[in-house]
Amino acid sequence: MKIALIQLDYTVADLEGNAMQIADATRQAKQQDADLVVTSEMALLGYPARDLLLYPAFIARSWEVLEQLASDLQGTIPVLVGTAEPNAASEGRTLFNSAVLLEGGRPTGRFRKRLLPTYDVFDEDRYFEPTSSPQILELNDWKLGVTICEDAWNDRDFWKRRRYHADPFETLIASGSGCVINLSASPFTAGKQRLREAMLSSMAAKHRVPLLYVNQVGGNDDLVFDGRSCAFDGAGELIARGRSFEEDLVLIDLDAMIGHVAPDDFSAEAEIWKALVLGTRDYISKCGFHRVLLGLSGGVDSSLTATIAVEAVGSENVLGVLMPSPYTSPESIEDAQQLADALRIRTLTIPIEKTMQAFEESLRETFVGCSADVTEENLQARIRSNILMALSNKFGMLLLTTGNKSEVAAGYCTLYGDMSGGLAVISDVPKGMVYRLAEWINQEKRRIPARVLAKAPSAELRPNQVDQDSLPPYELLDAILERHIERHQSGEEIVAQGFDEAMVQRVLERIKIAEFKRKQAAPGIKVTDCAFGTGWRMSIARQEWERRVAAARMTG
């Protein structure tokens, strides 16, 4: 038997468009003599559909489209389609996260998800009722166990601590499954595919059954899905893998245990670059835009963001805006223009000195007796924001913001200033990785000027300013942020690893007080294990508990 895993880029709520993609891929799979087609999780609705799942009319319409899809595919081959299934019971949540078999012109078998994640970006218990029984599809003398995403992430021997008490995979094996299929919508983070493949290989070898995993591809809001659908034989050997960050059809011959393994690059720079390009491209197009603009400062962050934008939508669709102030160095203007020339993007230059003077005059009497401080610096960022948003409105272009994760975490950014825009492209990329990506990009062809990578980072909002006037060196800042945000370590635990206590406390305090800014920030693209997006659920108004614990210990 041959099974086709269709790895497609779905759009949330585009029911008819998603169904058309599934139909086209199914016909292609039939031409390659497939006996069964398997989509990714929630393929018909697009994942994650979030609170659209709370609208009964949306669910009803999805089933009309599903039934039409089944009719359109009559006479082809069976298809397992991921979708949301109404729960007819009088208790529990109103939906199941299901895979529905389309065969003979109608929906037939239902296979429901058992483990519902509620951590990080997931909140499935909000919408779905879990199932409890093993679900097996019998086809062509094969007993195929059907699981959905999280159902495969709970093996007692692979994980040091299991999140759930039950293991659907074990249950299916005990029920006689000779092969297990997993429909997934597993978001990308750097390095995750190696973990996936290690886990899936371990489970296949442990239970001595082939395991097939299909993932969607594409960007939906803050999440990017990297595809890389794969299959393992009963010895845990990889026999097939789909392309990374691209659509693909992965065909596996279960009898011969053969497929095609697409080549891949698992380096952090290659993965993050592809994720940012795909996430940016899909966010722009799925939000109905075709062109973008951004401010070009001559710094590494705007240079990287512009390079990503050009790769995503083409140089003809990117506008770079230079907005020099009296504090902008001639070198920064030169670097910004050199970047634009290398990328072949159009630029506008709009100096802001006269606008700064107008603000100063308007506020002169109110600020009498006050010395210049961060207020005047923030005014410059907000002037630039108004110019960029005016251009965005006038020309129908999506504004990309250029702040990185290190700055966003530490609050080294201006609300209604450089944070303004529709997509924060690199807001989950730490400053150190920004430099690594820029250098990696330049290995193929120098696009980012060498001076951009060599000079000290600066917002250029006052004379001779550099970032390290306000922040620790980025290599130290990133190390502290990674431990606190992604590993959830306390200040005390970080200090115990050799970091300066005063520095750690300053960084953690900056993270805390900047929370209100992040709640108002543009969506970003998740590439790390913990991003400031849907998976970050931190209170704004809260006390600094760590300092109180430390003080209590000191007083006995």
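On a predicted model such as this, the values are computed, not experimentally measured, just so you know. Note that these values count all heavy atoms, side chains included, but never hydrogens, waters or copies made by symmetry.
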| message | Salt bridge or not between D428 and K405? Use side-chain N to carboxylate O under 4.0 Å. | response | yes
| field | E444, CD atom: more than 12 neighbouring heavy atoms under 6.0 Å | value | no
| message | Within a 6.0 Å radius of atom CG on D157, are there more than 12 heavy atoms belonging to other residues, nucleotides or ligands? | response | yes
| field | salt_bridge(D167, R156) N-O dist < 4.0 Å | value | no
| Cation-pi check, K445 onto W440 ring (under 6.0 Å, within 45° of axis) | no
| Does atom CZ of R162 have more than 12 heavy-atom neighbours, drawn from other residues, nucleotides or ligands, at distances under 6.0 Å? | yes
| Criterion side chain to side chain donor-acceptor pair (under 3.5 Å) on T118 and D125, from CA distance to verdict | CA-CA 6 Å; T118 58; D125 191 61; over 6 Å; no
| request: Decide if atom NE2 of H488 counts as having more than 12 heavy atoms of other residues, nucleotides or ligands within a radius under 6.0 Å. | output: yes
| field | Cation-pi check, R163 onto Y119 ring (under 6.0 Å, within 45° of axis) | value | yes
| request: May I ask you to decide if A479's main-chain N or O and R483's side chain share a donor-acceptor pair within less than 3.5 Å? | output: yes
| task | Could you tell me whether K274 and E269 have a side-chain N and a carboxylate O separated by less than 4.0 Å? | result | no
| query | Does atom CZ of F266 have more than 12 heavy-atom neighbours, drawn from other residues, nucleotides or ligands, at distances under 6.0 Å? | reply | yes
| request: Determine yes or no for a side-chain-to-main-chain donor-acceptor pair under 3.5 angstrom, with E493 supplying the side chain and S490 the backbone. | output: yes
| Atom of A25, atom of L249 and distance for their closest heavy-atom approach | O-CD1, 3.7 Å
| remark: Correct closest heavy-atom pair for P107 and L102 would be CA-CD2, 3.8 Å
| said: Please check this pair: side chain of Q21 against backbone of D9, looking for a donor-acceptor N/O pair closer than 3.5 Å. | reply: yes
| field | More than 12 heavy atoms of other groups within 6.0 Å of M20 CE | value | no
| query | How are the rings of Y47 and F122 set relative to one another: parallel (under 30°), tilted (30 to 60°) or perpendicular (over 60°)? | reply | tilted
| Rounded distance (nearest 0.5 Å) linking atom CG of L254 with atom CG of D141 | 12.0 Å
| Name the one of R194, R196, K526 that satisfies salt bridge (Lys or Arg N to Asp or Glu O under 4.0 Å) with D226? | R196
| So, K113 and E124, do they make that salt bridge, N to O below 4.0 Å? | yes
| Does T189 reach the main-chain N or O of K192 with its side chain, forming a donor-acceptor pair under 3.5 Å? | no
| field | Distance-only donor-acceptor check, side chains W536 and E515, under 3.5 Å | value | yes
| query | Any sub-3.5 Å donor-acceptor pair from N18's side-chain atoms to L44's backbone N or O? | reply | yes
| query | If only atom types and distance count, is the side chain of K519 paired as donor or acceptor with the main-chain N or O of M538 below 3.5 Å? | reply | yes
| query | Would you say the side-chain atoms of D51 pair up with the backbone N or O of L54, donor to acceptor, closer than 3.5 Å? | reply | no
| request: Could you tell me the separation between the CG atom of L80 and the CG atom of L144, rounded to the nearest 0.5 Å? | output: 8.5 Å
| Between E67 and R106, does at least one N-O distance fall below 4.0 Å, as a salt bridge requires? | no
| Nearest heavy-atom pair of I59 and A84: which atoms, and what distance? | CD1-CB, 4.1 Å
| said: With a 3.5 Å distance limit and no angle check, can you tell me whether Q7 reaches the backbone of S229 through a side-chain donor-acceptor pair? | reply: yes
| query | Hey, is E64 close enough to R61 for a salt bridge, meaning N to O under 4.0 Å? | reply | yes
| query | Salt bridge between E150 and R114, side-chain N to carboxylate O under 4.0 Å? | reply | no
| Using 4.0 Å as the upper bound for N to carboxylate O, is an ion pair formed by K431 and D301? | yes
| request: Validate the cation-pi geometry between R93 and F128: distance from NZ or CZ to the six-membered ring centre under 6.0 Å, angle to the ring axis within 45°. | output: no
| Are the aromatic rings of F188 and F245 close, with centres under 6.0 Å apart? | yes
| field | Closest non-hydrogen atom pair, C149 against N182 | value | N-ND2, 3.2 Å
| request: Return yes if some donor-acceptor pair links the side-chain N/O of S177 with the main-chain N/O of V180 below 3.5 Å, else return no. | output: no
| Looking only at heavy atoms, what is the nearest atom pair of L95 and P86, with distance? | CD2-CA, 4.0 Å
| said: Tell me whether the count of non-hydrogen atoms from other residues, nucleotides or ligands lying under 6.0 Å of CZ in R50 goes above 12. | reply: yes
| query | Looking at K2 and D255, does any basic side-chain N land under 4.0 Å from a carboxylate oxygen? | reply | no
| said: How close do V277 and A312 get, counting heavy atoms only, and between which atoms? | reply: O-CB, 3.7 Å
| Polar side-chain atom of N442 near backbone of I448 as donor-acceptor pair, under 3.5 Å | yes
| query | For Q489 and Q497, does a side-chain donor sit closer than 3.5 Å to a side-chain acceptor? | reply | yes
